[in-house]
Each structure stands twice: as structure tokens, then as C-alpha cells.
S.K.: 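One structure, as C-alpha cells, below. Some questions next.
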Amino acid sequence: MTASSTSRLLRLLSLLQMRRDWPGPVLAERLEISHRTVRRDVDRLREMGYSISSTMGPEGGYRLDAGEDLPPLLFDDDQVIALAVALQAAAVTGVGIEDAALRALTTVRQVMPSRLRHRLGALEFTTVTPRPGAARRDPVSPDVLIALSTAVRAREVLRFDYASHRPRSGSGSASDGGDGAATDPAPPRRVEPHHLLTSGGSWYLVAWDLDRDAWRIYRADRISPRTPTGPRFAPREVPGGDVAEYVSARFKGSESGDRWPCIGKVVLHLPARDVLPFAEDGIVEDLGPDRCSLEVGSWSWTALASALGRFDTEIEVVSPAELTAAFGVLAARHAATAGR
């Protein structure tokens with residue numbers, strides 16, 4: 001097989017993987033070959049172990065199906081680079097697959113053409129754990145993620161044990177379901193699982209808790225699924241209709257949209273260029289060589305005032321009055337601490 005025909009097979013396979021059904025004439029046009037050549041190339045892929053069925057219709061077409069055995073995997077250059085980068089970054093995904101990812105990356109590197117090894121070498125990077133101060137999570141077993149995802153897709157009630165490290169005196173956060181201490185015996189949770197998602201290297205399950213009659217966000221690293229699963233359920237709509245916005249809002253402590261519940265505006269006696277790197281999702285406005293305004297939010301007024309204090313400069317509150325009062329609360333606390 002010539003290099004051009006091999007490249008054409010790769011392109012054909014890549015197209016078949018993109019969508020379920022491809023009319024033959026459309027494939028021929030995309031590959032700039034005849035319909036007869038498309039049929040011949042499809043036959044070659046079938047000989048290599050790919051399950052490709054012919055579809056009915058006025059023009060005829062093809063569909064790539066799952067086979068009983070894993071055929072040789074063919075990737076174009078960009079797919080190989082994407083695969084290698086993803087494997088190298090697997091250490092910060094929050095899933096316990098670091099060793100398997102390293103072995104897979106070694107295998108991919110060994111069979112890479114030299115031109116691709118050079119490209120990947122030019123893209124060397126180091127993965128790091130979450131920044132200091134970020135909440136640490138235990139790795140999630142791939143088996144747990146598969147069990148959760150399977151229940152989500154099957155729309156079956158899920159039962160699981162949920163480990164917690166919070167004392168019962170606390171109310172519990174939106175992301176932990178408001179649990180008691182880990183030593184307290186508790187019946188398994190019964191939930192309608194709706195979405196499995198990842199954020200910042202951590203995995204979460206969004207579900208309707210049947211016993212609490214409310215939405216909950218559970219950390220996947222604390223979940224131990226039980227079998228068998230329960231009956232099927234009709235899925236409810238996540239508040240707001242968008243699961244990503246709903247989870248982002250809950251992480252910010254908001255019940256009404258993906259925005260901070262407390263948003264204030266101040267003037268800082270610092271150049272805008274010195275504030276921008278630390279403004280995160282705030283809005284910075286340049287007011288001159290040594291002044292700028294910052295509009296930013298937090299989950300409480302006291303937390304917002306405390307966060308603004310990190311800029312170590314004079315601060316003028318523009319709005320609202322609640323932020324001014326929060327600075328007064330902090331000032332009294334700090335004065336009492338200094339007095340001790």
C-alpha cells in the first residue's frame with residue numbers, strides 16, 4: 001500500500017468516526033476520489049478488522065459499527081499529538097490512572113514516527129497538583145466513575161455509601177450533601193443520578209436525593225456504589241436547565257444563577273496592571289497611574305472584605321453599604337486579636 005493510499009485510509013477512517021452515517025457520494029467528495037475508490041477503501045478497512053456496514057438509501061452509504069475485537073487503531077498526526085498530551089496530563093485528572101496512562105504514553109511514543117516525536121518533544125510540559133490551599137481530593141477509582149456514569153445513562157436509582165469528614169454540628173456544604181461524621185452509622189443514599197462532571201481535578205455527581213427530596217452535589221471520591229441499582233426513573237430538570245451553570249452557582253454559594261451572592265466595588269490605590277493578575281473573575285478599571293477600581297464577588301460580605309485586604313493598600317468602598325459594614329466587622333476582629 002502506498003503512502004498516499006495509507007493517508008487516504010486514515011482520512012476515511014477519521015470521517016467515519018465523526019458521524020454515524022455517511023452517504024457514499026459525500027465521502028467521495030470529501031476525499032476527492034471516485035465512489036468506486038471509496039468502496040475499495042472501505043473493503044480494505046473491513047479486512048483490517050473494522051466493522052463497517054453499508055446503509056440503504058438512494059445513494060447508499062457507510063456506517064462504522066463496534067466490532068467484537070479491537071482492530072488496529074489508526075490516528076492522523078493531530079490525533080496522535082492530542083492523545084499523547086492527554087495521557088501526559090492524566091496525573092491531574094483526579095482519577096487513579098497515572099500508572100496506566102504512563103504505560104500507554106510509553107507505548108504511543110515507541111510507535112510514533114520521528115516527525116511526531118519531534119513535535120511532541122517541542123510540547124513538553126509538567127503537570128502539577130492543585131495549588132496550595134486548594135481542597136485535596138482522594139483519587140477516584142475508574143470503576144466508581146464507570147458505575148456512576150452507567151447509572152446516569154440508564155436512568156436507574158443509585159444506592160451508595162457516602163464517606164464524610166464533617167462533624168454533624170455543621171450544616172454541610174452544597175458539594176457534600178450535608179453529611180454527619182464518618183463514624184456515624186448511616187443508611188445508604190438513594191438518589192436519581194443525573195450528571196457526572198469534573199471540575200479542577202475533582203469529580204462530582206449531581207443527583208436528586210430521594211430521602212431529602214432535594215438536589216445534591218456529591219464528591220465522587222467519597223462514593224462507594226452499591227449493587228444492584230434500583231428502578232428506572234423519569235429525569236427531572238436541573239434548576240435553571242444547565243448543569244454546568246447550576247454547579248458553578250452552588251460552588252459560589254448562590255441559589256439564583258451563576259453569580260456571586262455578594263458583589264461589591266472598591267477603589268484600590270494601586271495601578272491596574274498590579275491588580276489584574278490577582279483579580280480572578282473581577283472587573284478592573286484603570287483610573288490613573290496609581291488608582292483603579294475593582295468590582296468582584298464572594299460568598300459573603302465578610303469573605304469579600306477579607307479577600308480585598310490581600311492587596312495591602314488603601315481601599316475606598318464605592319458600593320454597597322454591606323461591604324463597608326463588613327470591613328468594620330473585620331477591623332473590630334483584627335483589633336481584638338492585636339490587643340491579645
Side-chain angles (χ1 to χ4, degrees), residues 85 89 91-94 125-138 166 170-176 195 197-204 206 215 217-221 238-331 333-334:
V85 170
V92 292
T93 60
F125 61 93
T126 301
T127 56
V128 297
T129 55
R131 66 186 184 279
R136 298 187 62 84
R137 298 288 188 263
D138 294 328
R166 289 179 174 271
S171 60
S173 70
S175 61
D176 68 10
H195 293 84
L197 58 93
T198 180
S199 174
S202 298
W203 291 82
Y204 301 92
V206 179
W215 288 99
I217 303 173
Y218 298 98
R219 280 175 40 179
D221 62 312
V238 173
D242 187 306
V243 65
E245 288 191 5
Y246 169 72
V247 172
S248 296
R250 294 297 299 274
F251 284 172
K252 291 177 179 177
S254 173
E255 299 287 346
S256 58
D258 186 11
R259 63 191 302 272
W260 293 107
C262 302
I263 300 176
K265 185 174 183 179
V266 299
V267 172
L268 302 174
H269 289 225
L270 288 172
R273 65 175 181 274
D274 293 345
V275 174
L276 275 170
F278 310 101
E280 298 180 347
D281 59 352
I283 301 174
V284 179
E285 182 182 356
D286 191 350
L287 301 179
D290 297 312
R291 296 172 77 248
C292 70
S293 68
L294 173 62
E295 185 175 13
V296 68
S298 187
W299 56 86
S300 73
W301 294 114
T302 305
L304 179 56
S306 179
L308 289 169
R310 73 186 186 275
F311 288 103
D312 192 21
T313 186
E314 292 185 39
I315 301 174
E316 304 171 23
V317 177
V318 177
S319 65
E322 289 87 347
L323 181 56
T324 302
F327 274 109
V329 171
L330 286 180
R333 289 178 183 172
H334 294 168

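Note that the coordinates shown come from a computational prediction; the quantities given were computed from them, not determined experimentally. Counting from 1, the numbers follow the sequence of the chain as shown.
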S.K.: So Val329 and Trp301, do their side chains get closer than 4.5 Å, heavy atoms only?
M.R.: no

S.K.: Are the side chains of Tyr204 and Val247 in contact, using a 4.5 Å heavy-atom criterion?
M.R.: no

S.K.: Looking at Phe327 and Ala305, what are the two nearest heavy atoms and their distance?
M.R.: CE2-O, 3.6 Å

S.K.: Run the salt bridge (charged side-chain N to carboxylate O under 4.0 Å, His left out) test against Lys252 and tell me which residues pass, sequence neighbours left out.
M.R.: Asp258

S.K.: Report all side-chain donor-acceptor pairs from residues 282-290 shorter than 3.5 Å, counting only partners two or more places apart or in another chain.
M.R.:
from   : atom 1 : to     : atom 2 : distance (Å)
Asp286 : OD1    : Gly288 : N      : 2.9

S.K.: To check you understand the geometry: which heavy-atom pair defines the closest contact between Ala279 and Val296, and what is its length?
M.R.: O-CG2, 4.3 Å

S.K.: Kindly say whether Thr302 contributes a backbone atom to a donor-acceptor pair with the side chain of Ser306 at under 3.5 angstrom?
M.R.: no

S.K.: For Leu294 and Leu308, work out which heavy atoms get closest and say how close.
M.R.: CD2-CD2, 3.8 Å

S.K.: If the condition is side-chain contact (heavy atoms from CB on, under 4.5 Å), which residues does Thr198 pass it with, not counting sequence neighbours?
M.R.: Trp203

S.K.: How long is the gap from CD1 on Ile217 to OH on Tyr246, to the nearest 0.5 Å?
M.R.: 5.0 Å

S.K.: Which side-chain N or O atoms in residues 260-277 pair as donor and acceptor under 3.5 Å with protein atoms at least two apart or in another chain?
M.R.:
from   : atom 1 : to     : atom 2 : distance (Å)
Trp260 : NE1    : Asp281 : OD2    : 2.8
His269 : NE2    : Glu316 : OE2    : 2.7

S.K.: Give a yes or no answer on whether the side chain of Arg310 reaches the backbone of Ala307 with a donor-acceptor pair at less than 3.5 Å.
M.R.: yes

S.K.: My understanding is that only residues two or more places apart in sequence, or in another chain, count here; which of them pass side-chain contact (heavy atoms from CB on, under 4.5 Å) with Ala325?
M.R.: none

S.K.: Tell me every residue that passes side chain to side chain donor-acceptor pair (under 3.5 Å) with Asp312, counting only those two or more places apart in sequence or in another chain.
M.R.: none

